[in-house]
There are 2 protein chains.
Amino acid sequence: MTTTATSKREQVLAAAEVVFARKGFDGATMREVAEAAGVGLSLVVYHFTTKEGLYQSIFEARQYVNDDRLARLREVTDPQAPDALDRLVSAFVDPVLDLHDDPADVWFARLVLREASDPSSQDRAIISGLFDPMAREFVAALERILPDRPPGYHAWAYLFAVGALTQSSFDARIDNIAGPDAAGGKREHLRRFLTAALRHS
Amino acid sequence: MTTTATSKREQVLAAAEVVFARKGFDGATMREVAEAAGVGLSLVVYHFTTKEGLYQSIFEARQYVNDDRLARLREVTDPQAPDALDRLVSAFVDPVLDLHDDPADVWFARLVLREASDPSSQDRAIISGLFDPMAREFVAALERILPDRPPGYHAWAYLFAVGALTQSSFDARIDNIAGPDAAGGKREHLRRFLTAALRHS
DNA sequence: CTCACTACTGTACGTACGTACAGTCGGCTC
DNA sequence: GAGCCGACTGTACGTACGTACAGTAGTGAG
């Protein structure tokens, strides 16, 4: 049965998303992934050879999210349009926040955001290979939409936006800082926060 | 010589800051810390007993940074003052960015920011014990300065600000996204970005 | 002089990790 | 029906990790 084959491989990928998101690359173990996927340890090695191979495969399988962000960004053809900035922000945050809606996808969102704020991720070349090209395109679009900013502004503003988006996946900490029931409205708050920051700074 | 004793303990703490900031809690090893400190492995165990003990000791030794942020925040006594928001933002970012000026301190800054964006940090109770109380005070001040915001706004805005501050320590990525020489002006960019975001969202 | 105490060292133990590898099984081709 | 190939399994190997522990040197008190 070929379907079982591919399904087991995907089982492992899905389980690996959860484990890596929870524990980080170094904190997670191959055995943990295997157990979470309900397969033997050697099957994980069979499909992905090494721990890094497994890790990279996750991001390759999810590359459509960044493709989506870029596609939405490229639809903003007129930098002078009054809604150009809003659409850029939407292209940046919505494909990611959409992941938060599905319990099966939210762990990948957390994994991405963890990787984006991990200095040792440089060793793994995932950010530089899969995210930086997209980042450069967003920065270039920012420069077109907001030409009257000092040099260096746009790249930093993009990174600050990445940071804000990063924290948006930590619903748990909101409960510790505010009371409960404060976790709602995240998407709107983030969109307004970023649009205001970019338009007025 | 008692000075040698304390100095060796502090050597270990300083080396541990660098190693943990670079590799993360799980990626770092006790032997690596010992070697970086120029001491034997058993001395690290002698002073801090466990890896977690060493980790927590770093944050306790640096708690003055958060004390500083809180002290500056409490100086903002009039929430209606026109510069109240600017001073809150300054209290939030400046003590951290000051660390970036001294090569001996910058690694702790990176370590803090890594811990703040690590979901598995919940196990270590550093964020919830040392950072969340400060966070709640910042959120309360935000509520006083900006009373006309929807419920839940202030806590999320605080977290988004944490995220932006987090990314500010990744100078390396700026070089990949923008050209070189773009890394300057970080402090001013961040302050303006956050002030604009809070005032206009 | 002795005792106690603190700082520090060398070595070793048990464990858990990533990875390798020989082998099994079912379906497909010719 | 022989041979092959991809999917999958069980087991084992070498290593590197966190931690424990016995021991040494120096110092200050009585």
Side-chain angles (χ1 to χ4, degrees), chain A residues 1-61 111 115 118 120-121 123-126, chain B residues 1-61 111 115 118 120-121 123-126:
Chain A
M1 230 194 322
T2 317
T3 54
T4 310
T6 44
S7 124
K8 281 213 178 182
R9 205 191 112 107
E10 277 155 24
Q11 264 175 254
V12 174
L13 273 178
E17 281 183 355
V18 180
V19 175
F20 279 128
R22 283 197 147 113
K23 311 280 197 84
F25 180 79
D26 292 304
T29 73
M30 300 283 271
R31 284 170 174 82
E32 215 175 345
V33 171
E35 192 179 9
V39 304
L41 167 64
S42 36
L43 184 71
V44 182
V45 179
Y46 168 73
H47 277 303
F48 306 99
T49 316
T50 66
K51 193 180 180 184
E52 266 217 38
L54 169 62
Y55 198 73
Q56 304 225 22
S57 299
I58 295 174
F59 288 87
E60 283 158 19
L111 178 58
E115 183 74 5
D118 181 352
S120 63
S121 68
D123 305 337
R124 296 187 286 270
I126 286 170
Chain B
M1 229 190 326
T2 318
T3 54
T4 311
T6 43
S7 124
K8 279 213 180 183
R9 206 191 112 105
E10 278 156 23
Q11 265 174 254
V12 174
L13 273 178
E17 281 184 355
V18 180
V19 175
F20 279 128
R22 285 196 146 114
K23 310 279 198 87
F25 180 79
D26 291 304
T29 74
M30 299 284 270
R31 284 169 173 81
E32 216 175 342
V33 170
E35 193 180 9
V39 303
L41 166 64
S42 36
L43 183 72
V44 182
V45 179
Y46 168 72
H47 277 301
F48 305 99
T49 314
T50 65
K51 192 180 180 181
E52 266 216 40
L54 169 61
Y55 198 73
Q56 303 224 22
S57 300
I58 295 174
F59 288 88
E60 283 158 19
L111 177 58
E115 183 74 4
D118 181 352
S120 63
S121 68
D123 305 337
R124 296 187 284 271
I126 286 169

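Chain naming here is simple, since letters A, B, ... match the order of the sequence lines and numbering starts at 1 in each.
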Nearest-Å distance, CD (A:Glu35) to P (D:dT9)? 14 Å
Any B:Tyr46 side-chain heavy atom under 4.5 Å of B:Arg9 side chain: no
Please list, one pair per line, the donor and acceptor atoms closer than 3.5 Å that link side chains of residues 24-43 of chain B to other protein atoms, with sequence neighbours excluded.
unit_1	atom_1	unit_2	atom_2	d
B:Thr29	OG1	B:Glu32	N	3.0
B:Glu32	OE1	B:Thr29	N	3.4
B:Glu32	OE2	B:Lys23	NZ	2.5

Separation of atom CG in B:Asp26 from atom C1' in C:dA16, rounded to whole Å: 13 Å
Under 4.0 angstrom, heavy atoms only, what part of the nucleic acid is A:Ala34 near: base, sugar-phosphate, or nothing? nothing
Phosphate contact (C:dT9 OP1 or OP2) by B:Lys8 side-chain N/O below 4.0 Å: yes
Closer than 4.0 Å, any side-chain N/O of A:His47 to the OP1 or OP2 of D:dC8? yes
Using a cut-off of under 3.5 Å, enumerate the N/O to N/O pairs linking the protein to nucleotides 19-24 of chain C.
unit_1	atom_1	unit_2	atom_2	d
C:dT19	OP2	A:Lys51	N	2.8

Just verifying a value: how many Å separate A:Ser121 OG and A:Ile126 CD1, rounded to the nearest 0.5 Å? 8.0 Å
Could you go through B:Tyr55 and B:Leu111, starting from their C-alpha distance and side-chain angles, then the distance that decides it, and tell me whether this counts as side chain to side chain contact (heavy atoms under 4.5 Å, CB included)? CA-CA 10 Å; B:Tyr55 198 73; B:Leu111 177 58; 3.6 Å; yes
Distance, rounded to the nearest Å, where A:Phe48 contributes CZ and D:dG6 contributes C1': 15 Å
Which nucleotide wins on minimum distance to the side chain of A:Leu43, given the candidates D:dT9, D:dC17, C:dC17? D:dT9
Is there a side-chain contact between A:Leu13 and A:Leu54 in this structure, where contact means two heavy atoms from C-beta onward sitting under 4.5 Å apart? yes
Nearest heavy atom decides the nucleotide; on that basis, is B:Thr29 or A:Gly38 closer to the 5' end of DNA chain D? A:Gly38
Taking only residues two or more places apart in sequence, or in another chain, which ones meet B:Glu17 in a side-chain hydrogen bond (donor to acceptor under 3.5 Å, both in side chains)? B:Arg62
B:Tyr46 side chain near C:dC8 phosphate (N/O to OP1/OP2, under 4.0 Å): no
